K.L.:
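To start, I am sharing the structure in question, which I have written as structure tokens.
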Amino acid sequence: MSIVGESVVRVDAIGKVTGETLYPGDFNLPNQAYMKILFAQHPHAIIKRLDTSKAEQYPGVLAVFTAKDVPNNEYGLIMPDQPVLCGPGSTKPFADRVRFIGDQVALVIAETEQIAAEALKLIEIEYEALPVITDPREAMKADAILMHPDKGSNVFGRYRIRKGDVEKAFQQADVIVEGYYQTPAQEHAYLQPEAGLSFIDEAGRVTIIVGGQWTHEDQEQIAHALALPLDQVRVIYPAIGGAFGGREDMSVQVVLALAAWRLHQRGINRPVKIIWSREESIIGHHKRHPYFIRAKWGAKRDGKVIAAEMEVIADGGAYAYTSTKVLGNATLMCTGPYLIPNVKVDSYAVYTNNLPNGAFRGFGGPQGAFAAEMQMNKLAERLGIDPVEIRMRNLLDEGDLLSVGTPLPPGVSIKKVVEACAKAAGWEKGENGWHRPAGFQVETGNPSLKRGIGFACAFKNVGFSFGAPENCWAIVELHGDAEIEKAVLYHAAAEVGQGSHTVLVQMAAEALGLPMEKVELVAADTAVTKNSGSVSASRMTFMAGNAIRGAAERALEAWKNEERPARAEFQYRPPKTTPYDPETGKSEPNFAYGYVAEAVEVEVDIETGQVRLVKVICADDVGKAVNPQQVQGQVEGAVVQAAGYAILENFIQQDGQVLTKTLSTYLIPTILDIPEKVQSIVLEYADPRGPWGARGMGEMPYLPLAPAVGAAIRNATGRWFDQFPYTPERILSGLEE
Amino acid sequence: MKPAPFEYYAPTSVEEALATLQSLGYDGKVLAGGQSLIPAMNFRMARPAALVDLNKVKELFYIKPTSDGGLAIGTMTRDSVVEKDPLVSERFPIVPYVVKHIAHPQIRNRGTFGGAIAHADPAAQIPALSVALQARFLVRKQGGERWVNAEDFFMGPFMTVLEPEEMLAEVVLPPMAKGSGASYQQVSRQKGGYAQAAVISVVVVDENKRCKDVRVVLFSVGETPILSQTARKILVGNVPTAEAIAEVAEKISKDEVDPGTDIHGTAEYRRHLVKVLVRRGLTEAFERAK
């Protein structure tokens, strides 16, 4: 069999291109009601009075729910620090306040969306304004107002790494390079804004059809907030229009469930539907964390980095979301995939009144990589060593110790990845190591158009890190008599557009020795599938593949024992990881990694400040490309999204208000803005633990792009820019200095 | 969002369209390609009581050569048709180049040449192009017609000299003079997005390479397309040296434009862009002038 490794047509392709596939907003049930949400609009305030009586009396309104209607008014993926609804009468302390403009205050359920929208305006609300803090560096100060008064500090995440002695090492260094890097927020801008439908199903369960990244986690959070047993809540994901981490936290899930449940308790058995507008989506879900990273690296004349000292501050926004996990990644990745004997990192996640920040493709990796790769490129320049050569002298090998004092898991391929990328981008290995004979500038024939080449590389974990419980279930059922006529795979993985369902079916077919047509997938319904973990951390192919192999093996065993249907389930558990030691950071952070390198060419118009990404070469070790076409799509998609992050996109918040709430003010790359050429070099150095050798790969190509662009701009213009996005005005004012 | 309620008329001839407009008076609004009007209605920024849709008026879709070497373009001619028409590129090579910068292909397939002019968006390409090329507009109403020069047509943002019962029927482009050259320069944050600053330059030189005429039209940096007077004063009658062009660019950016600050850029930056783009545009136009 060789279904794994084939670019088979996606199982969802025909439905999606013909428009038959239903997304959360496309579901309708007879007699459904419509919900609108009252958002805070105030970045920091106590709600002194909330009067919904006029809204309740408005013709066509079925109900208005507020904080007092939430049985257990808290939720949160890593800590329950966010009220479901903010306002008086809550079961939790300090839930009477709003902390960002997207905080949800009241739900209006009505016969039509228009009626609900009209009734929202009749809700009377009185705020007592509190000071607004939007800079985490201010929020860290001892006298800053507490966003969450029940916590003693606005710093809610804190890690330390202490390896060797950086002070001593700096004294021995031949050169020291310092930088202060600032990375921006980013909006996920998925095609499909948040939407869903809730109802009580035939078994009496509160059921929601919604888009998310982890059915069973949604189910748990809903059950927690509604104070219901887990099996009273059912979460179903249909096709989902993109996620990128932006659907890891709750948006409409809890309130949809709350609405259907409370109506049901009042004897009103009607489904409830909600579709967010683009503006509601942009203020209603989290963003990528802005980071402030202070870096000081020391190296010997031969290019060996001997010390790195980092201070990493993440703007967490109003609530934790996944900030502490994202910070964990950034803390590890801010010193790059390099063997550095002396490392000191202090990192902080801090509450502010900005939109909450959380998961977004790369999950702290891009911010960490930006600082690390800028530092490495500056060191190369300072020492007169080629940027590829200096990396080769510092990259981690099998058995080398990370900053956290333990080695990478087996299958370290970063040097081969860097080499493949460098070769494709015109580097050669000579007597003095790697160099690029053509240099780092490209002639354009136009004195105002300058072109430069930049290089960067990165590593990124596959799977949950730092001791987070990690496992994945699969169930396989074999039907038939003498021969297997049909196999059914039950799996909870969310299809967010990344192609997971196709890959699951490919892997099941391969494991069972069946053609793909005989494998049926029942996916992402908590009533019939078991916990798979989230589609995040580039983990699903890796985790699900191992789970499917286990389940398939056992199902075939049962088949041999004449069970009909032959059914087996299997839970894959990867090797354990461990959390940071609070003082030294010592840990076994991850069980698998992917490795990536990128070379880019940019063109800078030095008179207008415009930066154009001309060409990107991306080499990514994916272990095994289960579906090479989908892998290439992921590489190109990640590069384009990262190009938006680096150059075009510009998320602006001012005093806690969002100034870019639409896609006409928040610009993302269209097909006309993408690089002229993206060359994907797909490398397959097997991960010994991966299914068929596969590693994860959805995030990796995102990581090195921004620092590679930064290096290319330097080579084009002679200036380093430590802050992005590389907007024309930023470039121009930098060049004028 | 959905538009406010409106009445809808779909005439099949110019006469019928003009009669409908006459009877509707201030309540009537012409619908051409709808690429600007319909979004404005959906945002409730425009609330016409009645739409008079010209899409079924076949006689308004045409590109005809005029005997003097120019072109007559029917008001409903789609942007994409103008963009790809061989006669247009032969007689006015600058036109398809400018039209290509209007938004995206889907929009150019619906948007119309005359509709963009009548809509008078200060950030739109075709109004500025019509001023640069000294276009003349045939304006018709029931029982009458008049000709208006492009230069006199635009009154302010989304405001023109058109009366409610009138309709822009045809755009006539007079032939390019011998010794002409043209250039288009624009900068936008997102390709296909609105220009932060843009300039169309049309120049004419004599046998001695002296400037006979120069029309520099800026847009997206003021309330209407801006025809520069400075360029004329400094360049006409002279050899367009790099110094003279730089002086024009400097003066225009200082005195003749009025860009605002928005989310995509500051007024200062857009003023700076004007300086760069005028210099590049004039340099290129004079290089091309033959």
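In the text below, chain A, chain B and the rest are named by the order of the sequence lines, each starting its count at 1. Keep in mind the model is a prediction, meaning the values are calculated, not measured. Side-chain atoms are counted along with the backbone in the values below, which use heavy atoms only and exclude waters and symmetry mates.
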K.L.:
Could you go through the side-chain contact (heavy atoms from CB on, under 4.5 Å) check for A/Y666 and B/I263 one step at a time?
P.N.:
CA-CA 9 Å; A/Y666 185 76; B/I263 198 87; over 6 Å; no
K.L.:
Looking only at heavy atoms, what is the nearest atom pair of B/H264 and A/S664, with distance?
P.N.:
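Shortest heavy-atom separation between B/H264 and A/S664 comes out as NE2-O, 3.0 Å.
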K.L.:
Is any NZ, NE, NH1 or NH2 atom of the basic residue among B/R279 and A/E607 found under 4.0 Å from an Asp or Glu carboxylate oxygen of the other?
P.N.:
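Salt bridge present between B/R279 and A/E607.
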K.L.:
Tell me, for B/H272 versus chain A, whether the close heavy atoms (under 4.5 Å) come from the side chain, the backbone, both or neither.
P.N.:
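Contact with chain A: side chain only.
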K.L.:
What heavy-atom pair brings A/S448 and B/R280 nearest, and what distance separates the two atoms?
P.N.:
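The pair with the smallest heavy-atom distance is OG-NH2, 3.2 Å.
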K.L.:
Return the option, out of B/L273, B/T266, B/V276, B/V187, with the maximum number of heavy-atom pairs under 4.5 Å with chain A.
P.N.:
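Heavy-atom pair counts peak at B/T266.
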K.L.:
Any chance NZ of A/K16 has more than 12 other-residue heavy atoms, nucleotides or ligands included, within less than 6.0 Å?
P.N.:
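Yes, NZ of A/K16 has more than 12 neighbouring heavy atoms, counting only those of other groups under 6.0 Å.
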K.L.:
Any salt bridge between B/R189 and A/D673, counting N to O under 4.0 Å?
P.N.:
no
K.L.:
Give the C-alpha distance, both sets of side-chain angles, the deciding distance and a yes or no for side-chain contact (heavy atoms from CB on, under 4.5 Å) between B/Q190 and A/L672.
P.N.:
CA-CA 8 Å; B/Q190 189 185 41; A/L672 300 176; over 6 Å; no
K.L.:
Determine the option with the most heavy-atom pairs under 4.5 angstrom with chain B, choosing from A/T665, A/I652, A/I671.
P.N.:
A/T665
K.L.:
Would you give the length of the straight line joining atom CG of A/L667 to atom OH of B/Y194, rounded to the nearest 0.5 angstrom?
P.N.:
12.5 Å
K.L.:
How long is the straight-line distance from CD of A/E729 back to CZ of B/R270, given to the nearest 0.5 Å?
P.N.:
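If I round to the nearest 0.5 Å, the distance is 10.0 Å.
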K.L.:
Taking atom CZ of B/F158 as the centre, report whether more than 12 heavy atoms of other residues, nucleotides or ligands fall under 6.0 Å from it.
P.N.:
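It does: B/F158 CZ has more than 12 such atoms within range.
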K.L.:
Roughly how far, to the nearest 0.5 Å, is the OG1 atom of A/T608 from the CG atom of B/L277?
P.N.:
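Separation between the atoms: 7.5 Å.
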K.L.:
Once you round to the nearest 0.5 Å, how far does CD1 of A/I674 lie from NZ of B/K191?
P.N.:
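Taking CD1 in A/I674 and NZ in B/K191, the distance rounds to 10.0 Å.
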